> 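After the structure tokens below, expect a handful of questions from me.
Here the structure is a predicted model, which is why all the values come from computation and not from measurement. The analysis underlying the following values was restricted to heavy atoms, covering all of them including side chains, and did not include hydrogens, waters or symmetry mates. To find a chain, count down the sequence lines: A is the first, B the second, and so on, and within it residues start at 1.
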Amino acid sequence: MVALCRKLSTIATPNIFPRKQGYPQINSTQIFIPFSQLQRRRLLEERLVSVLHGSTNLVQIKQVHAHILRKGLEQCCYVIAKLVRMLAQLDVPVHSYPRLVFQQVNYPNPFLWTALIRGYAVQGPFSESIVLYNRMRREGTGPVSFTFTALFKACGAVLDVDLGRQIHAQTILIGGFASDLHVGNTMINMYLKCGFLDCGRKVFDEMGQRDVVSWTELIVAYAKSGDMESAGELFRELPVKDMVAWTAMVTGYAQNARPKEALEFFERMQDAGMETDDVTLVGIISACAQLGANKYANWVRDIAEKSGFGPTGSVVVGSALIDMYSKCGSIEEACKIFEGMKERNVFSYSSMILGFAMHGRAHAAMQLFREMLKTETRPNRVTFVGVLTACTHAGLVEQGRQLFANMEKCFGVAPSADHYACMVDMLGRAGQLEEALELAETMPMQPNGGVWGALLGACRIHKNPEIAQIAANHLFQLEPDGIGNYILLCNTYALAGRWDDVSRLRKLMREKGLKKNPGCSWVEAKKGVIHEFYAGQMTHPESIKIKQALEDLQDRLKAHGYQPILSSVTYDISDEEKKRLLMHHSEKLALAYGLLSTDAGCTIKIMKNIRICEDCHAFMCSASQVMEREIVVRDNMRFHHFHDGACSCDKSKCFDDGRNEMGWTLPEILQLEMSVRLREKKIKNSVLGKIREPNQIGESVG
DNA sequence: GTAGGGTTAG
């Protein structure tokens, strides 16, 4: 019996227990441990690991750790590795508590080493993963497949493809690891993250064993590179398609501005009997946002609510819905979603602020920004794009300037080229064109198309062909195919009466083969059916009725003071001809059909592919008053809400004294945020002060 | 251990 126990005890304990004083040395010739005792300990270890696995907070884990120490298991790699992994998962800084626990173990096994390496691979500093790997090898411990997945994760995180290649070589050198499925998958992931699609594809092609994860990784990579054809081809070849793979395709189409195909794919996915989760929903919501039609918006919202991932269930779905309803023209619906959300984060706030800004509700946008600052959510760069845009559309130049000047100091968000574009837009629209130009020319980074485009747009509004020429020259370099830039410059010349320049530019456009996009508008008629109208075209089945209705409408509006704004036509033609052209702009046709086909009291929603012209804008204003209808026009820039003879983009309707009804001023906001930042900084310093700095970075794999 | 997600101005 004794002999049997002796035999079993040696078999039952392979490399689990390290040899050193302080922990039982399992050498059957020197120390005899009864089998029952070993079994008890093994059971205890199993139990501790499972308790750790179920722990959800630091307090619970610390209790288990205390128990580990009481039972004398601080050298047991199996348990300690789990402890380290759980701590890292809970975002406890790896180089503090977990590292300390690791250092207490005299002989770490590969799994314990890997737990720590993985911790750094998730949290950073990523180079510490490599340092640890090298130390592990020097101390004679061989890696396991987990080690490589962790290392590839680290390389992917810092986009270090050279290091990734070295580790790739090691997987082949050490043997056996290159053919491991998970190692292969993380390797593909690393190459794709670093932007080496070909290398990822090569690993994929050479893999002996692939699973749906390997395929999906590549599908996503192709989708992100804009190559939906290759993505689709892979998807067709994929033997067993799961929900994630389907979602990758739906999202891919949505991200590549192909919303109709995204919807088609989603329908196919449902036909295939696939489940829908929050990630799928986000993809499809984004597609509906691009379509801008309420019919689809309501349809997808129903699906979201039925599947249990509605705005109250998921903060991500909620934020996507806010964005979708804003883009579909239903800012009220977006508000309702926002108010009904249980949890809100920076995405929810930013989407709502941008929604308000887009719809000309600067007041609401600023108020929401203020409310956000009272919560624990901190603004990010997108939030500032929203807030600055709101200031721009409300003509709040002084407030905008102060926010921009204090972004970095008070909020910790450094201004990017996009924020400079907002400022150039703001100054430009306010008529301060010289200052806007100076800002564009002196900004610390290379100005992007947005910056010069904003300036060019402002030059058209304020009829300044000289500065327009400068902005346009930059734009012609940055966006050689951007037809809109040529049109804007053309319009600016026309407004200034420089017809020679107009014809010179038109000739240049012809030479370059650039064609003006025909103006096109869509209007939602009954039951959400969408009707399309092109400028000057009378192809709609009811076009005779529409033409008559439009003429009647024009007469009524003229009686109320509407006069065609002839300068909106940039052709050197007779006034009569100009009037005729203006009257056939697509949005006017859409409006006439909207009035014919919807009931009194219904809001008329029109979408347009290019910017609404000044004349149509005045026409809509007047129509909203005379016909007593709410009219919403979404052009390629923003939303216009016409109500009782005014538009939401009319600056004079917004507050402009730096103070709103809440009774706060901008300096108060800045002060408030500064105190938050200081407090955060203090907390951070006090935590970091206790933690040892990790080793130097920059070591390569040896 | 591995794959899919939301907000950006002219």
Side-chain angles (χ1 to χ4, degrees), chain A residues 85 111 114-115 118 121-122 144-150 152-153 156 180-190 192 211-221 223-224 242-252 254-255 277-286 289 314-324 326-327 345-355 357-358 380-386 388-389 392-393 416-426 428-429 448-460 471 475 479 482 484-485 488 611 636-638:
Chain A
R85 268 175 55 198
F111 294 96
T114 303
R118 198 184 145 67
V122 173
V144 288
S145 60
F146 294 89
T147 321
F148 287 113
T149 55
F152 285 129
K153 204 179 172 74
D180 182 278
L181 177 65
H182 294 312
V183 171
N185 282 349
T186 38
M187 196 162 15
I188 294 180
N189 185 269
M190 181 272 299
L192 298 179
D211 65 357
V212 65
V213 177
S214 339
W215 289 83
T216 312
E217 296 238 37
L218 264 180
I219 290 173
V220 171
K224 288 206 168 133
D242 69 356
M243 181 174 69
V244 177
W246 278 98
T247 305
M249 286 301 290
V250 171
T251 309
Q255 286 172 343
D277 73 353
D278 47 345
V279 185
T280 325
L281 281 168
V282 165
I284 204 73
I285 291 170
S286 154
S314 155
V315 62
V316 183
V317 171
S319 309
L321 285 171
I322 292 172
D323 173 58
M324 177 186 73
S326 303
K327 286 181 178 160
N345 63 11
V346 66
F347 283 89
S348 340
Y349 277 103
S350 303
S351 299
M352 198 64 243
I353 289 172
L354 274 160
M358 221 191 299
N380 67 9
R381 45 206 304 266
V382 182
T383 322
F384 276 100
V385 170
L388 292 175
T389 310
T392 301
H393 290 312
S416 67
D418 298 331
H419 299 114
Y420 276 91
C422 291
M423 286 312 289
V424 168
D425 192 23
M426 184 184 298
R429 277 176 199 269
N448 59 17
V451 174
W452 295 118
L455 188 59
L456 181 57
C459 290
R460 192 194 61 97
L475 278 169
E479 304 169 353
N485 303 327
L488 267 178
R611 211 188 285 241
N636 61 340
M637 292 292 152
R638 55 174 299 178

> Closest heavy-atom contact between A:R85 and A:A115?
CG-CB, 3.8 Å
> Scan side-chain atoms only and decide if A:N185 and A:E217 contain a donor-acceptor pair under the 3.5 Å cut-off.
no
> Counting any heavy atom closer than 4.0 Å, what does A:G449 reach on the DNA or RNA strands: base, sugar-phosphate only, or nothing?
base
> Shortest non-hydrogen contact from A:T392 to A:C422?
OG1-O, 3.7 Å
> What does A:D418 touch in the nucleic acid at a heavy-atom separation under 4.0 angstrom: a base, only the sugar-phosphate, or nothing?
base
> Rounded off to whole Å, could you give me the CG-to-P distance for the A:L456 and B:dG10 pair?
13 Å
> Side chains of A:D323 and A:S351: any donor to acceptor distance under 3.5 Å?
no
> Determine, for nucleotides 1-6 of chain B in 5'-to-3' order, which nucleotides have protein heavy atoms under 4.0 Å from the base (write B), from only the sugar-phosphate (write S), or from neither (write -).
BBBBBB
> To the nearest angstrom, how far is A:D425 atom CG from B:dA9 atom P?
11 Å
> When we call it a touch if two heavy atoms are under 4.0 Å apart, what does A:L475 touch: a base, just sugar-phosphate, or nothing?
base
> Holding to side chain to side chain contact (heavy atoms under 4.5 Å, CB included), I want the full list of residues that pass it with A:V212, two or more places apart in sequence or in another chain.
A:T216, A:L238, A:D242, A:A245
> Return the set of residues passing side chain to side chain contact (heavy atoms under 4.5 Å, CB included) with A:V315 (not counting sequence neighbours), or none when no residue passes.
A:S319, A:M341, A:E343, A:N345, A:S348
> Roughly, in whole Å, what's the span from NE2 in A:H419 to P in B:dT7?
16 Å
